[in-house]
Amino acid sequence: MNDKATKGRGRPSAWRLSKEEAKALRGLVLMRSTENRIRFTVALEEFINHPACLPGTRDKIIEELEQAQKEGRLPRWSQSLRRMGYPNDAEMSMFRGPKHMANAAPSIRRGGYWIDEKGNERELRAMNIWESDDVSINEPFRWMDEQTGLWMAGRQTLATIDVGSGGWLGATCIGRPRDAYRQEDIADHMRDLCELWGMPDVWRLEKGSWEATFVGGIEVEGLATRWGSLDKLFRVVHTEHARGKGLIEGRFDLLQTFMAHTEGGLTMGRKPDDFEKVAKLLRRANYDRRRAENELTTDQKAVQKLWSINDASMGVRRAMERCNARPMQRSWASDQTPPCEFLKDAKGHPIPESEKWRFCGCKTMATVREGHIQIKLPNYEVPFRFAINGVDSFYLPQGYQLFVAFSPSSPFEGAYIGNRERGVRNRDSWGLGEIIPFMAQYVPAAPQVDLTTQSGASGPGLRKGMAACVRAEFRGIRTSMREYIKVRKEAILEEEPELSRSEHRDGLGNRTEISRGLRKQKQPLKTRDLSGFRGRSLGDDEEETQSSDTLTRFRNQSLHEREEPECGNECARTSLRERANELMGESYEYDC
């Protein structure tokens, strides 16, 4: 800076730093400072060794440090130097990350309206927009780990609020190792809310776990939209920072206030060690993510002093009801109507019965193997297995590709399946991504031996049902072939001439060939190819067809019965003719 910058504003500045020096000094202050305190003096002492520090500035800093040491006092830095070296709030937030910058960035207060996809401005009412987020409540609860049978401590909770009314809609307390939550927990929370309140027009969520395949669906080549996306039911809007869902973030503070000291749970306070007794109890309960990652066991006597997860969920519910009953000031309205007045008669769109599968927590792809589909999820040791064939006369061939949607928390409800097959296995011509009207049954692991049965066999008993499904399908095809040949037989014999040829091979290179022909019509027609039923295709130059099932059986007789004798043996000729007429049920004359 120079004297021109301070001209007309009082005495000249005691310190004159260039732009590069001021920028370098602020960078050192940012690096040495914490969130609660600015370390300007420490940064200035290190600034004398920085390449951007000019010799004149370095000499003045060293002079002040030596003078302070000689006089036994702290260094005195003038206000002009501090103004050039202190970072502002925006610089501090930008240095710490985008989330901190979002809190320092300017925001525009939202009004009581929203704009739909067509650009129409609509008034904001209850059930128009919902917001969901996770919160760690200050009253830890205990939950039972099914794998170890031990009690563990947790705080994780999912909550949803209605923006139009400002009222809470519900919450879900979750007991997971490391105090985390998964996409199946989000799915159960959203499904329970929609079954209770209906569906909103817009659901505002953050990113991360809320942006999983359960919400966004599976991207498939050939489909215009993602398979299983919730956008089919309502519009999902993801926000990157807390201000994008500012209402629920602000209401969490009041919710925690009502829960503290009033709901029966031991509160740990807003900050660590606010309450020493509870903090010590939680350390004994090993409520620490680092301890959970090392799989250290919890102190069972300590953790049982916490309230249960069921009591915690009821406590959160009562606190939400108290929040909804209090008057609320809205930025877009002058009244302070309590949220419960808006939610009293509010109801969203009902979930269509055909679209309930979209709320399944797991959406993935699978292939039919041995009449089953098997899905292995990251956080589950045992894969999920569902029966496809042998149930309700349903059958899909080996290798059939499917979309699968099911709830890992309740696999016994079954799995929805959608078509992913584009090849010849898709006999029913299902569309890509189309939901097949069949619920695959969950098949748990079967015992090695079941001594309660007479044979000792075990298993779900699906093999017999699968064989029946395949047999029924095969019989259907065979019946249609027989009826078609029966109808076509008379047309063949009445309209078309036929030349049949049969040969016998003994496997040693010898063969015997016999040819016979039916009585020809006056105007013979071109031979039609009906040999596709027997897997043989005849050319136009061969002029061969197969007349009927009767002639086929006649040609399959043993060689000594169908070898035609010489013309002089009239008795043998008569025997052959009678045998053919007996098989065909009609009388025809043969030409030698």
Side-chain angles (χ1 to χ4, degrees), residues 126-127 129-144 152-176 179-200 203-206 208-210 212 214-215 236 239 242 245-268 270 287 306-326 328 338-340 342-344 346-348 359 361 407 409-410:
M127 301 297 143
I129 303 175
W130 290 0
E131 289 181 348
S132 296
D133 198 5
D134 62 290
V135 58
S136 295
I137 59 176
N138 298 331
E139 291 71 30
F141 52 80
R142 69 178 186 272
W143 58 278
M144 176 70 73
M152 302 186 69
R155 300 170 55 201
Q156 195 63 256
T157 305
L158 304 180
T160 300
I161 197 171
D162 178 73
V163 177
S165 63
W168 292 103
L169 300 177
T172 304
C173 294
I174 300 171
R176 293 283 187 191
D179 203 20
Y181 61 95
R182 303 172 183 168
Q183 66 173 354
E184 49 263 36
D185 300 325
I186 298 175
D188 294 340
H189 175 70
M190 297 178 70
R191 180 180 61 181
D192 294 340
L193 287 173
C194 291
E195 289 178 351
L196 177 63
W197 294 96
M199 297 185 299
W203 205 321
R204 196 152 51 197
L205 308 171
E206 65 178 12
S209 300
W210 298 86
F214 155 68
V215 178
V236 178
T239 177
K245 51 184 189 319
L247 179 63
I248 191 171
E249 293 284 355
R251 298 287 282 181
F252 276 146
D253 184 74
L254 181 61
L255 180 67
Q256 296 277 33
T257 301
F258 280 128
M259 291 193 63
H261 309 287
T262 59
E263 297 300 337
L266 297 176
T267 181
M268 60 182 296
R270 301 295 180 92
Y287 178 71
L306 304 175
W307 61 349
S308 66
I309 187 172
N310 183 46
D311 294 336
S313 62
M314 293 299 297
V316 174
R317 173 185 173 182
R318 290 192 294 268
M320 287 183 171
E321 291 176 348
R322 294 184 63 183
C323 289
N324 291 347
R326 288 178 61 87
M328 178 180 176
C340 60
F342 293 99
L343 296 176
K344 183 170 54 178
K347 195 69 175 177
F359 287 93
S407 177
S409 58
S410 54

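Worth knowing before you read on, the calculation uses all heavy atoms, side chains too, and leaves out hydrogens, waters and symmetry mates.
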Original post:
Should R251 and E131 be marked as a side chain to side chain contact (heavy atoms under 4.5 Å, CB included) after you check the CA-CA gap, both sets of side-chain angles, and the distance that decides it?
Top reply: CA-CA 11 Å; R251 298 287 282 181; E131 289 181 348; over 6 Å; no
Subject >> Note, F252 side chain near T157 side chain (heavy atom, < 4.5 Å) >> reply: no
Original post:
Are the side chain of K347 and the backbone of L196 linked by a donor-acceptor contact shorter than 3.5 Å?
Top reply: yes
Original post:
Would R191 and D188 count as a salt bridge (charged side-chain N to carboxylate O under 4.0 Å, His left out) if you check the C-alpha gap in whole Å, the side-chain angles of each, and the deciding distance to 0.1 Å?
Top reply: CA-CA 5 Å; R191 180 180 61 181; D188 294 340; 3.4 Å; yes
Original post:
What are the two closest non-hydrogen atoms of L343 and W168, and how far apart are they?
Top reply: CD1-O, 4.0 Å
Original post:
Say you draw a straight line from CD1 of I174 to CD of E184; how long is it, rounded to the nearest 0.5 Å?
Top reply: 9.5 Å
Subject >> Side-chain heavy-atom pair C173, Q156 within 4.5 angstrom cut-off >> reply: no
**OP:** Find the distance between CH2 (W130) and CH2 (W203) and round it off to the nearest 0.5 Å.
**Re:** 5.0 Å
**OP:** Start with the C-alpha distance between M190 and L193, add both sets of side-chain angles, then the distance that settles side chain to side chain contact (heavy atoms under 4.5 Å, CB included), and finish with yes or no.
**Re:** CA-CA 5 Å; M190 297 178 70; L193 287 173; 5.7 Å; no
**OP:** May I ask you to test the N138-M259 pair for a side-chain heavy-atom distance under 4.5 Å?
**Re:** no
**OP:** Mind checking the CZ-CG spacing from R155 to L306? Nearest 0.5 Å is all I need.
**Re:** 11.5 Å
Original post:
Does W307 use its side chain to pair, donor to acceptor, with the backbone of E139 at less than 3.5 Å?
Top reply: yes
Subject >> Flag for S209-Q183: side-chain donor and acceptor within less than 3.5 Å >> reply: no
**OP:** Answer yes or no: does atom CZ of R317 have more than 12 heavy-atom neighbours from other residues, nucleotides or ligands under 6.0 Å?
**Re:** no
**OP:** Could you pull out the closest heavy-atom pair between M199 and C194, with the gap in Å?
**Re:** CG-SG, 3.8 Å
**OP:** On the 0 to 90° scale, with breaks at 30° and 60°, tag the F214-F359 ring pair as parallel, tilted or perpendicular.
**Re:** tilted
Original post:
Side chain of N324, backbone of P339: donor and acceptor closer than 3.5 Å?
Top reply: no
Subject >> From V316, L266, I309, residue fulfilling side-chain contact (heavy atoms from CB on, under 4.5 Å) relative to F141 >> reply: I309
Subject >> Whether D162 side chain and M127 backbone form a donor-acceptor pair below 3.5 Å >> reply: yes
Subject >> Atom of A187, atom of G361 and distance for their closest heavy-atom approach >> reply: CB-CA, 3.4 Å
**OP:** Apply side chain to side chain contact (heavy atoms under 4.5 Å, CB included) to the pair V236 and W210, showing each step before the final yes or no.
**Re:** CA-CA 10 Å; V236 178; W210 298 86; over 6 Å; no
Original post:
Do any N or O atoms from the side chain of W197 and from the backbone of L169 form a donor-acceptor pair under 3.5 angstrom?
Top reply: yes
**OP:** Report yes if some heavy atom in the side chain of R176 is under 4.5 Å from a heavy atom in the side chain of D185; otherwise report no.
**Re:** yes
Original post:
Taking atom OG of S132 and atom CD1 of I248, what is their separation to the nearest 0.5 Å?
Top reply: 6.0 Å
**OP:** Show the numbers, then the answer: is there a side chain to side chain contact (heavy atoms under 4.5 Å, CB included) between I186 and Y181?
**Re:** CA-CA 8 Å; I186 298 175; Y181 61 95; 3.8 Å; yes
Subject >> pair M328-F342: side-chain heavy atoms closer than 4.5 Å >> reply: no
Original post:
Can you name the closest pair of heavy atoms from M320 and A171 and give their distance?
Top reply: CE-CB, 3.3 Å
Original post:
Quick one: CE on M314 to CG on D311, what's the gap to the nearest 0.5 Å?
Top reply: 8.5 Å
**OP:** Give, for atom CD1 of I161 and atom NZ of K245, the distance between the pair rounded to the nearest 0.5 Å.
**Re:** 12.5 Å
